[in-house]
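Worksheet for the structure shown next.
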Protein chains: 2
Amino acid sequence: MSISERKEREKSEMRELVLQTALKLFIDKGFENVSIRKIADAIDYSPGTIYLYYKDKDEILFELHNRGFSEFYKFQLAVQNIEDPIARLDAHGRAYIDFALSNPEYYDIMFIARAPAKKIKLFNNWELGDRTYSLLKDNVKSCIDAGYYQGQNLEAVVFALWAFVHGIASLIIRERMQLVPKDVLQQLTAGALQFMKSTAK
Amino acid sequence: MSISERKEREKSEMRELVLQTALKLFIDKGFENVSIRKIADAIDYSPGTIYLYYKDKDEILFELHNRGFSEFYKFQLAVQNIEDPIARLDAHGRAYIDFALSNPEYYDIMFIARAPAKKIKLFNNWELGDRTYSLLKDNVKSCIDAGYYQGQNLEAVVFALWAFVHGIASLIIRERMQLVPKDVLQQLTAGALQFMKSTAK
DNA sequence: TGCATAAATGAACACCGTTCATTATATTTA
DNA sequence: TAAATATAATGAACGGTGTTCATTTATGCA
């Protein structure tokens, strides 16, 4: 069994190597500069070899999307120990945007890029997206239980808040705020978050 | 003067033909299926000819982005005759999402795709984006003047509302809501809009 | 050591955006 | 009208892309 075990290990090591190389290119040179050929080149393999470990480029991007969610989830958990539900929800929102802007490549592939959407459809579930959504939902639920968002529909509020933070993150990442000076944008974002917090009751 | 006038007319007609063909391909076959070669093919010209009328592909996409804004602006104006400021702002929000979902290709190239961002940066202004933003700002201002959004910062509220509707539109267009049934999604969107309306005061 | 299996190769295919020397068409001049 | 000039269009070529597959190389087992 030892040999087949080693083979399996080597296979997953190679998959990991490809993935890490893709991520590195992704972060260093941007989305449009990641190609199968460049990944292969960076690890001294021929282009065809990549296809022995991944079905196609979308599978690599989908795997990166998964890694992004894993990082994202950890990042979000750091906020869950806050007692006060409103403070927790507020911190959650800020953490969301913070992650997005600190890891724009990950955020893009998780929530903006077209590539992973096809695979999500294929698998007919989006486990990682749902898990993130549930976290937000729990926090909104806590607020409602504590008497905030009175008379509001839980799902509607959750979707609204998600859309809100996603809107900010994606407008910035896709450079629709590039003509707003950085410090002004920061204030604007902080102001918008504060406004959103104030709507809890 | 007649001949040079005709030449100019022919030049702008050809530019228009290229643009309309690009738009048609865009809408019929999606973003990734629009190529210089396919545009040229569709109008029975060689690929090189396109470059006599447009500097590069990004210029075509940027021009489509401009057309999109022109359509968008007209669409938004239809809502401006509503008297009550809150009702007007609410209708504005619904019109925004309505336009985005009815013209996903336009919306994508206006607010999501990477290509136009480079040209925006180049010109160092985003006249069309600013005009749209002003319209929203005026409507929020009217609400504040009428006593709503008390104690809120105008710019912060405008940015928050824009981010909110953009968030909804872009999550749907980039297929992050594809596993939510269409009718449920419609309800969710309506609910979120209603929640947002309720935060005005 | 020889053989079967697995892994890696890299040329080939069909695309892409873009450039540019060459060809064809239209206009102006003699 | 004919020749010369200016404008427009061409399409091959360049360097890139994702992907496939017959061929070669390396490994594991008898």
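Below, read A as the first sequence line, B as the second, and so on, with proteins coming before strands; counting in each chain starts at 1. Computed from a predicted structure; not experimentally measured.
In summary, the aromatic rings of H65(B) and F69(B) are positioned with their centroids under 6.0 Å apart.
Taking atom CG on D41(B) and atom C1' on dC16(C), their separation rounds to 14 Å, with Å as the unit. Rounded to an integer number of Å, the gap from CD1 of I43(B) to P of dT10(D) is 9 Å. The distance from atom CD of E10(B) to atom P of dA9(D) is 8 Å, rounded to the nearest whole Å.
Mapping P47(A) and R37(B) onto DNA chain C via the closest heavy atom, the residue that lands nearer the 5' end is P47(A). In terms of position on DNA chain D, the residue among K38(A) and L52(B) whose nearest nucleotide sits closer to the 5' end is L52(B).
In this model, the phosphate group of dA9(D) is not approached by any side-chain N or O of T49(B) to a distance below 4.0 Å at OP1 or OP2. Regarding contacts with the backbone of dA9(D), a side-chain N or O of Y53(B) is found under 4.0 angstrom from either OP1 or OP2. Checking the phosphate oxygens (OP1, OP2) of dT17(D), a side-chain nitrogen or oxygen of S35(A) falls inside 4.0 Å.
Out of dT9(C), dT10(D), dT18(C), the shortest distance to the side chain of Y45(A) is found at dT9(C).
Atom CD of E127(A) is surrounded by 12 or fewer heavy atoms from other residues, nucleotides or ligands within 6.0 Å. Within a 6.0 Å radius of CD in E10(A), other residues, nucleotides and ligands contribute more than 12 heavy atoms.
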Begin with the C-alpha distance, continue with both residues' side-chain angles, and end with the deciding distance and a verdict on side chain to side chain contact (heavy atoms under 4.5 Å, CB included) for Y106(A) and F111(A). CA-CA 9 Å; Y106(A) 265 143; F111(A) 293 110; over 6 Å; no

